[in-house]
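Below is one structure, written out as structure tokens, with a few remarks after it.
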Amino acid sequence: MHTWGRCDVLLELSNLTAGYQSGPDILQELSLGIEADRSYCIIGPNGAGKSTLLKVVAGILTPRMGTVTLDGEEVGGLRPDELLAKGICFVPQDPSLFPKMSVRQNLTMGAFLESDKRVVEDRIGEVFSMFPILDEKAKQLAGTLSGGQQQMLLLGRALMIKPRLMMIDEPSLGLAPQAADQVFETINHLGSLGITVLLVEQSVERGLAVSDWAFVLDLGQLRFEGPSDEILADPRIGELYMGKAPEIE
Ligand SMILES: Nc1ncnc2c1ncn2[C@@H]1O[C@H](COP(=O)(O)OP(=O)(O)OP(=O)(O)O)[C@@H](O)[C@H]1O
Ligand SMILES: [Mg+2]
């Protein structure tokens with residue numbers, strides 16, 4: 001069974017409300033907690049606010065109300081680079097590689113907060129041993145990689161800062177099944193590197209398979225949460241979010 005102690009909460013959102021510019025509240029008094037060294041998946045229909053939640057934690061969007069705490073310290077409203085320095089990294093849904101730079105240069109950019117060149121080289125070596133294909137293509141321009149390889153480079157670049165919390169938005173979007181499998185294998189492996197994963201995934205079965213705990217978001221609110229295997233088996237989830245027909249009594 002799961003042992004969820006309350007002592008090692010890494011990230012806590014409390015009554016968090018957020019939205020864009022002068023628009024309506026997208027997240028509405030949302031509260032949830034994330035413990036260190038676990039992996040989490042957020043599921044929910046299109047427009048539920050999944051990406052918005054990650055953007056608030058990454059500092060791209062400022063909370064309107066409520067708090068975001070990391071190790072008990074309030075971090076809501078800090079800038080993305082300040083949050084990155086605290087070990088919170090965000091791999092967004094839209095492509096953010098530098099297509100005209102080489103694979104190696106993209107990785108180096110990922111470590112822009114690290115001034116010790118030796119450390120940067122060591123980390124590049126670690127990323128290459130995790131993704132041998134990136135080593136092979138080190139000199140190639142990022143824009144010439146396949147979709148799956150670009151997603152690996154995105155994950156590799158995020159790993160360059162040795163993050164504590166890695167938030168990954170829809171990593172399998174647009175990938176061929178085999179490439180998606182490889183990406184999920186990598187995500188599964190992040191836990192053993194001591195990285196807490198917060199994943200948003202459109203492929204619900206896959207997302208739940210690589211996470212310990214799931215949050216179900218709808219209309220900016222937390223509808224359910226629980227161990228991923230239980231959420232997967234929950235008929236309410238099947239009906240509401242996975243397009244399965246409700247069972248007829
Ligand atoms: N930059 C933006 N400006 C204004 N409104 C936005 C912006 N981005 C998202 N929204 C709105 O916020 C709501 C939640 O969007 P969000 O992208 O967080 O949903 P999501 O759960 O990630 O959906 P999807 O599964 O489609 O990625 C939607 O109504 C969307 O139209
Ligand atoms: Mg989204």
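Counting starts at 1 for both ligands and their atoms, in listed order.
Every residue meeting the salt bridge (Lys or Arg N to Asp or Glu O under 4.0 Å) condition with Glu82, not counting sequence neighbours, appears here in chain and number order: Arg79. In this structure, the side-chain contact (heavy atoms from CB on, under 4.5 Å) partners of Leu10, at least two apart in sequence or on a different chain, are Ala36, Leu70, Asp71, Arg164, Leu165, Thr196.
Nearest to atom 10 (N) of ligand 1 among the protein's heavy atoms is Tyr20 CE1, 3.3 Å. For atom 14 (C) of ligand 1, the nearest non-hydrogen atom of the protein is Gly47 O, 3.4 Å. When hydrogens are left out, the protein atom nearest atom 17 (O) of ligand 1 is Ser51 CB, 3.7 Å; that is the closest non-hydrogen contact. Atom 26 (O) of ligand 1 has as its closest protein heavy atom Asn46 OD1, 3.3 Å.
Per-atom contact check: atom 31 (O) of ligand 1 does not touch the protein, criterion being a heavy-atom distance below 4.0 Å.
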Legend entry - side chain to side chain contact (heavy atoms under 4.5 Å, CB included) evaluation trace for Thr52 with Tyr20: CA-CA 9 Å; Thr52 303; Tyr20 297 89; 2.8 Å; yes

Inset, instruction - Apply side chain to side chain contact (heavy atoms under 4.5 Å, CB included) to Phe90 and Lys55, showing your working. - result: CA-CA 8 Å; Phe90 176 42; Lys55 285 187 225 167; 4.3 Å; yes

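Around the Mg ion (ligand 2), protein N, O or S atoms at a distance under 2.8 Å total 2; waters are neither shown nor counted.
At under 3.5 Å, not a single nitrogen or oxygen of Ile26, backbone or side chain, sits near a nitrogen or oxygen of ligand 1.
Shown here for Ser39 and Ser211, the closest heavy-atom pair between the two residues is OG-CA, 3.3 Å. Ala158 and Cys89 make their closest contact through CB-SG, 3.7 Å (heavy atoms, listed as atom of the first residue, atom of the second, distance).
When each atom of ligand 1 is checked for a heavy atom of Thr52 under 4.0 Å away, the hits are 14 (C), 15 (O), 16 (P), 18 (O).
Put simply, part of Gly49 is less than 4.0 Å from ligand 1, judged by heavy atoms. No heavy atom of Gly44 sits closer than 4.0 Å to any atom of ligand 1.
Using modelled atom types and a 3.5 Å distance limit, the side chains of Asp25 and Thr17 yield no donor-acceptor pair.
Annotation: the span from Thr144 atom OG1 to Gln150 atom CD amounts to 8.0 Å, rounded to 0.5 Å.
With hydrogens and angles ignored, the 3.5 Å screen pairs no side-chain donor or acceptor of Lys137 with any backbone N or O of Ala142.
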All N/O donor-acceptor pairs, side-chain side in residues 118-125, below 3.5 Å, sequence neighbours left out:
{"unit_1": "Glu121", "atom_1": "OE1", "unit_2": "Arg104", "atom_2": "NH1", "d": "3.2"}
{"unit_1": "Glu121", "atom_1": "OE2", "unit_2": "Arg104", "atom_2": "NH1", "d": "3.4"}
{"unit_1": "Arg123", "atom_1": "NH1", "unit_2": "Met160", "atom_2": "O", "d": "2.8"}

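Here the shortest heavy-atom distance to atom 20 (P) of ligand 1, taken over Lys55, Glu170, Gln21, Lys50, belongs to Lys50.
Hydrophobic clustering (side-chain heavy atoms under 4.5 Å, transitive across Ile, Leu, Val, Met, Phe, Trp, Tyr) keeps Val91 apart from Leu61.
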